[in-house]
Amino acid sequence: MIIPTLLTLLLASSPGPSARAKAIVAQLTLEEKVGLLTGVAGNYSGNLAGIPRLDVPALGMNDGPQGFRASTHGTSTAFPCALAVAAGWDATNARAFGEAIGTEFAAKGAGMMLGPALNVARLPTCGRNFEYLSGEDGGTLGAVMAAAVVGGVQSKGVIANAKHYVQNNQEYARSSVDAIVDERTHVEIYLPPFEAAVEAGVGSVMCSYNRVTIVPPFAAATYACEDPFTLTHELKERLGFGGFVVSDWGATHSTVASALAGLDMEMGSEKYYGKKLIAAVQAGHVNESAVDEKAERVLRTMIRIGPFDHTFTGNAAANVTSAAHRALARSLAAAGTVLLRNSKVGGSTGAAVLPLRHGGAPYTLCVAGGAADSVGALSGGGSGFVVGSHSTTYLEGIRTRAAAAGATVNIPSDSSIEAAQACAAAADVALVFVGTWSHESQDRDTLALTQFDQSLCAYTLQKNPHTVIVMTSPGALIVPWLENGMYLGGNAPPAALITFMPGQEAGHAVADVLWGDVNPSARLPVTLPNVDNEISLTKAMYPGVGPDVSHLRANYSERLEVGYRWYHTHGVKPAYAFGHGLSYTSFTYAVLSKEVEEPPGQTEGGGRERVVATIDFTLTNTGSRAGAEVAQLYTSFPASAGEPPVQLRNFTKIQLAAGASVRISFEVSERDLSVWDVEAGAWALVHGAHQLAVGAASDDLRLHVTVHA
Ligand code: BGC
């Protein structure tokens, strides 16, 4: 017989978060309940007053997705932007990123982090792409990253917030634009990172500024924060989200419609909840039970994740950065730096410029370009901006590392192209730092570097064939000249890297990669196109058309052809494809085999859990140094499915010693071979032959196999 211990008896009798939340709500006045749903002024980006008489603590919520945005003094760590973390294609790193941010928020007394940000990069020029973990692929890359970051943040007792739900894919006219999306596209392309966050137990979701029309429309041109289809039917009922929905700051537009549609909390103003919600209940327009349910969601989440019982003693001005977090910011930035190209100088018998030499005869580096000694582009602007505890510029990091390598660092005498040329001519290797920046509330006009930066690259290369281009960017850039050659004599620089927005440890991280102390292993989370608007968005698609700027309708008529899916559908070769990235070593893929399960019937919930095939292959590091490869699995549906030709379904990052091999298995789930059936409101397995391919990038698929479903 098993005799229960005192502890098991206590545990069995202690009420769970739901019961505790219910019990508290039962004791609250209507005013107190609404107080849990309405922001007040305070020290954080958003503040909820507590209810001292019942020991309900206040809740501080703060931006943003890549570290604590300080409005008062006190340090926090400016981590690399979320897109750079996604470029690492590494769930373990993403988890560490989430844990570190959660730790800093807790130490600042903030019980909720306003992130991760998860919108898919539909628009290459979207000004907030740097904040988003999804890149161009919400279904796999974004979903994996979202789950890892949510898990990391919440493991520290801090509530994570999946934002901006939903179809907030442009900043232009973001407060009013109506995103018109067919339901299949919405569910297959844009919803998955939010779904993954919900599955990972995310405590809150932020509804976005824009309007949304999911076609066929349940409700047309509805503000996302008062849209019953996405908030209630989809998020809370179908996906089973048990946390609370908070409006983006000022994104609430009504009292009754929002309350009935599923908005739980208004933030950024007290225009529509607060007194107005109390009045709506008293007038019988909103049932008090609906308010109870919202208050329960808030309390239940605070109890389940931590801010209710943890006493966060710090305040917004606390110094929370640490040596460990600076080291993490550095390793994440290095892991998020994509080596785009690294060819030999002087033909096949020549040597690659990178990695730079560690010793031997002394040598000289020229470090040129406006981005070299500036902190300006290391973090993007707006609510995602973080003031780092100390930002190391590229030049600073290179100077430190060069000293140990026996290299002298020269810089041009002024910012002119002539000075850069003179500096480069006198150096063994020229490193040219160029880049661009963006911020919330505005899209980028172009993906091109400035004319000056392009000329700087070309003229420097003219003087020194050992020229390396390092680019900082909030997302995609147009750089076909990296492969095709520049206008000056058609020369292409031998090596180029993109760091995205690498955060405060940029200088050390780039030095780690340039000298090969860290073997680059990042992969592009977005396509780098040949020209602006290569994906042919018409005005009706972006920014949308309408009688005036506050009534634009943006039609997502490209449907599933988002990012790399467009390139594959139209057979267009981009400058660099989604998933591309080089290493200082090389890898081969061999012998793909498959094991197919019994032909599956339809399962509930889209068959996420149900494995229908297992794909095995061997990966070998054929080079002379250790390195990590990101093996990627793509699927192609039977043509009848009407899906883009190639879609990412799985990936793994594997570290291998020189010469080592490893056997890798990818499981293929029923959901991987399914499409969203709008009529049925469910995932439907597509019967027929599915082509599966494993490789190093979306345009570098090495092994192929067919699975019949
Ligand atoms: C942004 C959100 C942010 C909020 C609070 C809004 O402008 O869209 O991402 O969390 O402000 O600062």
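Computed from heavy atoms alone, side chains included, the values below leave out hydrogens, waters and symmetry copies. Order of appearance sets the numbers: ligands from 1, and atoms from 1 within every ligand. Owing to the predicted nature of the structure, the values given are computational and were not obtained by experimental measurement.
Counting only heavy atoms from C-beta outward, the side chains of Thr125 and Asp445 never approach each other to under 4.5 Å. A heavy-atom distance below 4.5 Å is found between the side chains of Leu123 and Asp443.
Looking at ligand 1, you won't find any N or O of Ser45 less than 3.5 Å from one of its N or O atoms. Distances between N or O atoms of His164 and those of ligand 1 include at least one value under 3.5 Å.
Met471 pairs in a side-chain contact (heavy atoms from CB on, under 4.5 Å) with only one of the listed residues (Leu477, Thr436, Leu528, Thr499), which is Leu477.
Separation of the His186 and Tyr190 ring centroids does not fall under the 6.0 Å cut-off.
Listed by atom number, the atoms of ligand 1 under 4.0 Å from Leu114 heavy atoms are 10 (O). For ligand 1, the atoms sitting less than 4.0 Å from at least one non-hydrogen atom of Met206 are 10 (O), numbered in the order shown with element in parentheses. If you number the atoms of ligand 1 from 1 as listed, the ones under 4.0 Å from a heavy atom of Lys163 come out as 2 (C), 3 (C), 9 (O), 10 (O). Here is the list of ligand 1 atoms found below 4.0 Å of a heavy atom in Ser383: 1 (C), 2 (C), 3 (C), 9 (O), 12 (O). Near Arg69, meaning under 4.0 Å from one of its heavy atoms, ligand 1 places the atoms 12 (O). The contact set between ligand 1 and Tyr209, taken as ligand atoms under 4.0 Å from a residue heavy atom, comprises 6 (C), 7 (O), 8 (O). When each atom of ligand 1 is checked for a heavy atom of Trp249 under 4.0 Å away, the hits are 4 (C), 5 (C), 11 (O).
Contact annotation for Arg128 and ligand 1: only side-chain heavy atoms (C-beta onward) come within less than 4.0 Å of the ligand. Counting heavy atoms closer than 4.0 Å to ligand 1, residue Arg174 contributes side-chain atoms (C-beta onward) but none from N, CA, C or O.
The closest approach between a heavy atom of Glu131 and any atom of ligand 1 is not below 4.0 Å.
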Inset, instruction - Go through the steps for Glu226 and Tyr272 under the test side-chain hydrogen bond (donor to acceptor under 3.5 Å, both in side chains), then give the verdict. - result: CA-CA 12 Å; Glu226 56 185 50; Tyr272 296 101; over 6 Å; no

Inset, instruction - Might you work through the side-chain hydrogen bond (donor to acceptor under 3.5 Å, both in side chains) test for His164 and Arg128, ending with a clear yes or no? - result: CA-CA 11 Å; His164 309 89; Arg128 293 188 91 170; 3.2 Å; yes

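In this structure, the protein non-hydrogen atom closest to atom 7 (O) of ligand 1 is Glu440 OE2, 2.5 Å. Regarding atom 6 (C) of ligand 1, its nearest protein heavy-atom neighbour is Asp248 OD1, 3.0 Å. Atom 10 (O) of ligand 1 has as its closest protein heavy atom Asp63 OD1, 2.6 Å.
Enclosure of atom CZ in Arg184 by more than 12 non-hydrogen atoms of other residues, nucleotides or ligands within 6.0 angstrom is indicated.
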Just distance, no hydrogens or angles: give the donor-acceptor pairs under 3.5 Å from side chains in residues 78-92, sequence neighbours left out.
| unit_1 | atom_1 | unit_2 | atom_2 | d |
| --- | --- | --- | --- | --- |
| Trp89 | NE1 | Arg523 | O | 2.9 |
| Asp90 | OD1 | Thr92 | N | 3.0 |
| Asp90 | OD1 | Asn93 | N | 3.2 |

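Under a 4.0 Å N-O distance rule, the pair Lys163/Asp248 does not qualify as a salt bridge. By the 4.0 Å N-to-carboxylate-O rule, Asp137 lies close enough to Arg565 to be salt-bridged with it.
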